[in-house]
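Residue numbering restarts at 1 for every chain, and letters A, B, ... go by the order of the sequence lines.
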Amino acid sequence: MSENLLIVNGNELISDAFYKTPAFTNSEGVFVNGVYGGIFKLISILKTSEYKALSISFSEECGNERLKPQILKFKEIIEAKGQGEIPVTKELLESLENALKDLSPSGEVKGASFDMTLKVTSDLNEVEALFETKSDRAAFYFLTDIGDFLGLGISFDGSNVTYIPVENFITADYLGKKLSILSERMSLCSFDIKESYKYFEPSEFANRTYGYKDEDVSGNKCFDVLIGAYLINPLKNDYEPWDVAKEYLKLTLPKRADLFGKEPLANADIKVLSEYASKIAYICFNAEPLIRAKLAKTGMERLMYNIEMPLSYILYSMEKEGIIVKRDELKAYGDKLLVRIDELEKAIYEAAGIEFNINSPKQLGEILFEKLGLPAEKKTKSGYSTAADVLEKLAPEHKIVADILEYRGLTKLKSTYADGLAAYIADDNRIHTSFNQTITATGRISSTEPNLQNIPMRTELGRLIRKVFVPKDGYVFADADYSQIELRILAHMSEDKGLIEAYHEGKDIHRITASKVFHVPFEEVTSLQRRNAKAVNFGIVYGISAFGLSQDLSISAHEAKEYMEKYFETYPGVKKYQEDVIASTKAKGYSETMFGRRRPVPELKASNFNLRQFGERVAMNAPIQGTAADIMKIAMIDVFFKLKELSLKSKLILQIHDELVIETAPDEVDTVTKLLVEEMEKAVTLSVPMEVDCHIGSDWYEAK
DNA sequence: CGATCACGC
DNA sequence: GCGTGATCG
């Protein structure tokens, strides 16, 4: 009996917390740090033990006048739950957690003071025992440095953290296996969890064979504090554990660079290392419930649990697979470029009458606009603009201009693609890009080191680079892309009858638009009219201004304005939608996708006109671009787990915003093609059809 | 390290 | 509109 009853001295609990927790007030300006810290500690004790009942005693005397009201406040909260022995139930815990939220000034729950007990061990028996700890959740952090796994920080209660260095029997694989097993019976939390999948496989994915499900599916799930923090604030560029600590726990901690500088972590002191890894585990454990609560409050649980978390595992898998790049052919391509670059360089020097650095916009500007006296149209902050659109207009004036444009294009191909990509080809002849899930403001994925989402496509010479991207022996690429996904989303979200109808006709959308805007029969639309309509469609999706459109089409701002007005006459629903979305974004402070992904737009309230205009374009574009990103992510989950369900050898390897690439086994081509198109098209049902095109090829050039 | 340019969707 | 990267000064 006595073992099941937790007896607490209320005065001591609050008093301890009062001195440990930095002072802060609730929304009414009353100091509540003691009550807050006390309840926080109480919750953590109740959650990590098996007490069946709780009894809290209070005494009258209290010396500290600032502390006294906090003890009384706590007494009030507790007595509302019951008198004497209070049964420990789920409801009690929930109500205590709600009490925490009420105490916090911004309605968020914040952690108690930094209060961590660290234990370092690599004793096999101790580690084995540790992994038998009873808890409903754990937080961990894999400490790695340039590919080396150094150790694991792990906590089951948010105050006791164990650091396990990798040594002897305790290998990276061993710890990974332990975590995989642990994930079967409790939820695991980490920071940037994608980086841990190399060592452990969460049980929720190990045998998963179903795709995206709207409703949550029960079971122990992994949680990534980084992804959660990103969803809540996608504008912050790089979240580090310390940022989460500060934002959610009000803790200030040294950063990685401050602790270790540029030294390899392997050289660092074990004490510093263990503390570093353990603090991150500590931060994760204590921030997790706060981030979960905020995600629930902001309606982003589905995004987090059903989309982003499974996606993190898929991105890891795609990075691991990589894509084969033919080293020798890439080199030959670069050499071919160099021949032409040298020719152009000579011709440019000849025409200029002087040798200069063509790559320097400053020097180039001086040559073109001063030495050669060409008409300078546009200026930048630092001088003449030498951007491509400016040079294109100058081309008839002087033969040097065309050469410069070609030179620019070729050196770009050479440095970024030919030479740039070569540096990333690994020993397996593959490039393993990093897909980043927590960078963009709109929810898109980004790709770095190298960026495989901007491989040339537009010009034939650039496009040829895609020939060096090949599938493994005997395999082919299946490349599927959504047809105009963003414009279709606009049609759906704006509910514009004309645009929806146009898509149901299944004909060339730009031609239909031109026909409607210019009042000519569909068959009589000229190529110029179609090109202009296409540019307007494009511009609308991006929320560009008449000025932006005029730049794109090289027409006057006046003409561009007329085009847009005609467009809005044709599709009045689009105009209405844009106005509504700006108003609601302004009112709420953020825009929202179909799946509830938020993008804060503080610019809408700026006093600066240009900034506010920018805010309007962002408010119009973010829901479109973000919804497209959501849909693609769902499609990826469907495609990935479908491949798994069917035990196919084919692997998803690339995502380029509206396009997926699968390295496909020859005997699976038909299955994969059908699967890709089906899963991508059914990822979401809109009021317009989703159209997916899929091509097969023996390299990426052919498959597009 | 910010500005400019060029590549993608 | 959203990104990444190379280059310059």
Exercise for review: Verify the ring-centre separation between A:Y567 and A:Y563: is it less than 6.0 angstrom?
Suggested key: no
**Study point:** Short N-O contact, A:K194 and A:E319, less than 4.0 angstrom
**Key:** yes
Exercise for review: Apply salt bridge (charged side-chain N to carboxylate O under 4.0 Å, His left out) to A:K575 and list each qualifying residue two or more places apart in sequence or on a separate chain.
Suggested key: A:E579
Practice item. Scan residues 343-353 of chain A for pairs that pass side-chain hydrogen bond (donor to acceptor under 3.5 Å, both in side chains), counting only residues two or more places apart or in two chains. Key: A:R340-A:E343
Check your understanding: A:R463 near the nucleic acid: base, sugar-phosphate alone, or nothing, with a heavy-atom cut-off under 4.0 Å?
Key -> nothing
Check your understanding: Would you call A:E565 and A:K561 a salt bridge, using N to O less than 4.0 angstrom?
Key -> yes
**Study point:** Span of DNA chain C, from the first to the last nucleotide whose atoms fall under 4.0 Å of chain A heavy atoms
**Key:** C:dG1 to C:dG9
Review point. Near DNA chain B, which residues from residues 563-590 of chain A have a heavy atom under 4.0 Å away?
Key: none
Review point. Do any N or O atoms from the side chain of A:Y482 and from the backbone of A:M680 form a donor-acceptor pair under 3.5 angstrom?
Key: yes
Review point. Between A:K393 and A:E377, is the closest basic N to carboxylate O distance under 4.0 Å?
Key: yes
Practice item. Name the nucleic acid region contacted by A:D481, choosing base, sugar-phosphate or nothing; use a 4.0 angstrom heavy-atom cut-off, strictly under. Key: nothing
Point to revise | Cationic N near anionic O, under 4.0 Å, A:E663 to A:R430 | key: yes
Point to revise | Touch class at under 4.0 angstrom, heavy-atom based, for A:Y482 against every strand present | key: nothing
Study note, to complete from the structure: Hits for salt bridge (charged side-chain N to carboxylate O under 4.0 Å, His left out) against A:K704, two or more places apart or cross-chain, chain-then-number order -> A:E659
Exercise for review: Using a 4.0 Å heavy-atom cut-off across all strands, classify A:A441 as base, sugar-phosphate, or nothing.
Suggested key: sugar-phosphate
Point to revise | Name of the residue among A:E370, A:K379, A:K378 meeting side-chain hydrogen bond (donor to acceptor under 3.5 Å, both in side chains) with A:Y384 | key: A:E370
Check your understanding: Can you give one letter per nucleotide of nucleotides 4-9 of chain B, 5' to 3': B if a protein heavy atom sits under 4.0 Å from the base, S if only from the sugar-phosphate, - if neither?
Key -> SSBBBB
